[in-house]
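Accompanying notes for the structure given below.
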Amino acid sequence: MGVNKVQINYDNGNGIEVRVNDNSATLQDLLDAWQPLCDDERLYKLYAQNQHRECRGCTVNCCNTAYVIPDLIAFKKMAKFTGLDYPEFITRYFQKDKLRVGLLRMQPDPCIFLQDNVCTIYPLRSLICRFYLCCKVAGDTEQLIYSLSWTGAAATQLFVEELGLLPGSSGYGLSSFDMMFKKLIEDYRYDPNVKLFMKAREYSDIPLAPFI
Ligand code: SF4
Ligand code: SF4
């Protein structure tokens with residue numbers, strides 16, 4: 001049997017650890033390997049029932065409070081799903097006071113796509129949503145998923161700015177979370193890997209190697 005291009009290891013000491021076994025691995029390979037973790041009852045999840053139940057049915061549900069700035073692939077797919085053009089999608093689905101300070105945060109508390117405790121766009125959700133788990137993640141793996149999620153979010157920011165749909169940012173009225181996320185977007189917007197997200201249609205178009 002062949003070795004998977006991306007392998008996930010888990011132990012309670014180190015947490016979740018990603019190993020990339022093949023230089024041709026893509027972001028989609030990583031997502032395919034990561035997805036079963038949501039249902040993996042071996043993991044210690046801080047907010048899960050008994051700390052070991054699957055995410056489905058979680059009563060805390062991180063979607064209630066999530067701060068989601070979508071990556072560009074998810075942004076385009078979600079807009080298409082709603083049937084709205086980009087200006088209307090942004091107006092209806094993103095938090096207005098965050099738009100005013102130059103941040104593309106999807107409407108929260110709970111997330112606008114959450115209904116009856118279930119994500120209504122689950123197959124289209126963004127990288128931030130896909131990677132978040134309330135459990136320990138090994139250092140290198142945390143850096144990898146962080147870098148992928150924020151490079152993708154910076155690509156969305158650039159794309160929307162280029163369309164003239166995000167007003168100039170101001171520093172007024174920013175919460176500490178806003179400032180942190182704004183800084184992350186600023187840090188990543190000049191990353192050469194942003195171009196990979198700008199060109200890609202699917203996660204399978206994005207190679208993992210430049211992020212490792
Ligand atoms: S990751 Fe989210 S849904 Fe899953 S157990 Fe933690 S809080 Fe609940
Ligand atoms: S898009 Fe879906 S997974 Fe992401 S926060 Fe909203 S409801 Fe949760």
Side-chain angles (χ1 to χ4, degrees), residues 8 10 12 14-18 27-28 30-84 86 88-96 98-99 103-138 141-142 144-146 148-157 159-160 175 177-178 180-181 184-185 197 202-203:
I8 306 274
Y10 177 75
N12 282 318
N14 294 330
I16 301 166
E17 196 164 11
V18 166
L27 176 49
Q28 186 62 55
L30 171 57
L31 292 171
D32 290 344
W34 191 272
Q35 177 62 31
L37 294 171
C38 298
D39 297 325
D40 190 334
E41 297 188 0
R42 289 175 307 151
L43 268 59
Y44 180 94
K45 293 181 190 163
L46 190 59
Y47 302 119
Q49 201 183 343
N50 303 329
Q51 278 66 59
H52 288 284
R53 290 294 298 275
E54 66 271 26
C55 286
R56 197 181 303 114
C58 169
T59 50
V60 174
N61 198 342
C62 37
C63 305
N64 283 313
T65 52
Y67 197 123
V68 178
I69 301 178
D71 61 276
L72 186 53
I73 292 171
F75 174 86
K76 290 177 176 172
K77 289 191 177 197
M78 289 190 291
K80 190 172 177 193
F81 171 84
T82 62
L84 301 171
Y86 294 135
E88 199 59 28
F89 175 55
I90 291 171
T91 302
R92 290 207 210 166
Y93 283 80
F94 287 77
Q95 197 179 355
K96 287 186 179 44
K98 302 301 179 208
L99 291 172
L103 277 165
L104 277 165
R105 183 189 190 186
M106 282 171 43
Q107 281 195 36
D109 307 321
C111 172
I112 192 164
F113 285 117
L114 191 70
Q115 276 176 22
D116 299 326
N117 227 21
V118 171
C119 175
T120 52
I121 52 145
Y122 197 71
L124 312 178
R125 71 201 190 287
S126 60
L127 291 176
I128 287 172
C129 306
R130 289 167 193 257
F131 283 129
Y132 178 75
L133 287 168
C134 56
C135 49
K136 189 170 179 183
V137 178
T141 295
E142 191 166 47
L144 173 64
I145 61 177
Y146 215 71
L148 286 160
S149 302
W150 288 104
T151 306
T156 311
Q157 185 93 5
F159 177 76
V160 170
S175 70
F177 273 120
D178 297 338
M180 181 175 77
F181 292 134
L184 277 166
I185 295 279
F197 276 90
E202 304 289 341
Y203 294 124

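Order of appearance sets the numbers: ligands from 1, and atoms from 1 within every ligand. Positions are given from 1, in the same order as the sequence printed here.
- Screening Y93, F94, Y122 against F113 for a ring pair (Phe, Tyr, Trp, His ring centres under 6.0 Å) leaves a single residue, Y93.
- The distance between the ring centers of F89 and F75 falls below 6.0 angstrom.
- In terms of protein heavy-atom proximity, atom 6 (Fe) of ligand 2 is nearest to C111 SG, 2.3 Å.
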- Task: For the pair V68 and C129, evaluate side chain to side chain contact (heavy atoms under 4.5 Å, CB included) and give the outcome as yes or no after the intermediate values.
- Result: CA-CA 7 Å; V68 178; C129 306; 3.9 Å; yes
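- In this structure, atom 8 (Fe) of ligand 2 lies nearest to the protein heavy atom C63 SG, 2.4 Å.
- At the top of the distance list for atom 2 (Fe) of ligand 2, counting protein heavy atoms only, stands C119 SG, 2.4 Å.
- When each atom of ligand 2 is checked for a heavy atom of R125 under 4.0 Å away, the hits are 3 (S).
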Next on the checklist: Determine whether Y132 and I145 satisfy the following criterion, side chain to side chain contact (heavy atoms under 4.5 Å, CB included), listing intermediate values before the conclusion.
Outcome noted: CA-CA 9 Å; Y132 178 75; I145 61 177; over 6 Å; no
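- Taking each heavy atom of R53 and K45 in turn, the nearest pair found is O-NZ, 3.6 Å.
- Taking 4.5 Å as the limit, every side-chain heavy atom of L46 sits out of range of all side-chain heavy atoms of Q51.
- Within ligand 1, counting atoms from 1 as listed, the ones closer than 4.0 Å to a heavy atom of L133 are 1 (S).
- The set of protein atoms (N, O or S) found at less than 2.8 Å from atom 8 (Fe) of ligand 1 reads C58 SG, by chain and number.
- Only the side chain of I121 comes within 4.0 Å of ligand 2, judged by heavy-atom distances.
- C129 lies apart from atom 2 (Fe) of ligand 2 in this respect, since none of its N, O or S atoms is found at a distance under 2.8 Å.
- When each of T59, V60, N61 is checked for a side chain to side chain contact (heavy atoms under 4.5 Å, CB included) with Y47, only V60 meets the rule.
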| request: Begin from the C-alpha positions of E202 and K77 and carry the test salt bridge (charged side-chain N to carboxylate O under 4.0 Å, His left out) through to its verdict. | output: CA-CA 10 Å; E202 304 289 341; K77 289 191 177 197; 2.5 Å; yes
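- Ring geometry for Y67 versus F177: interplanar angle of 30 to 60°, hence tilted.
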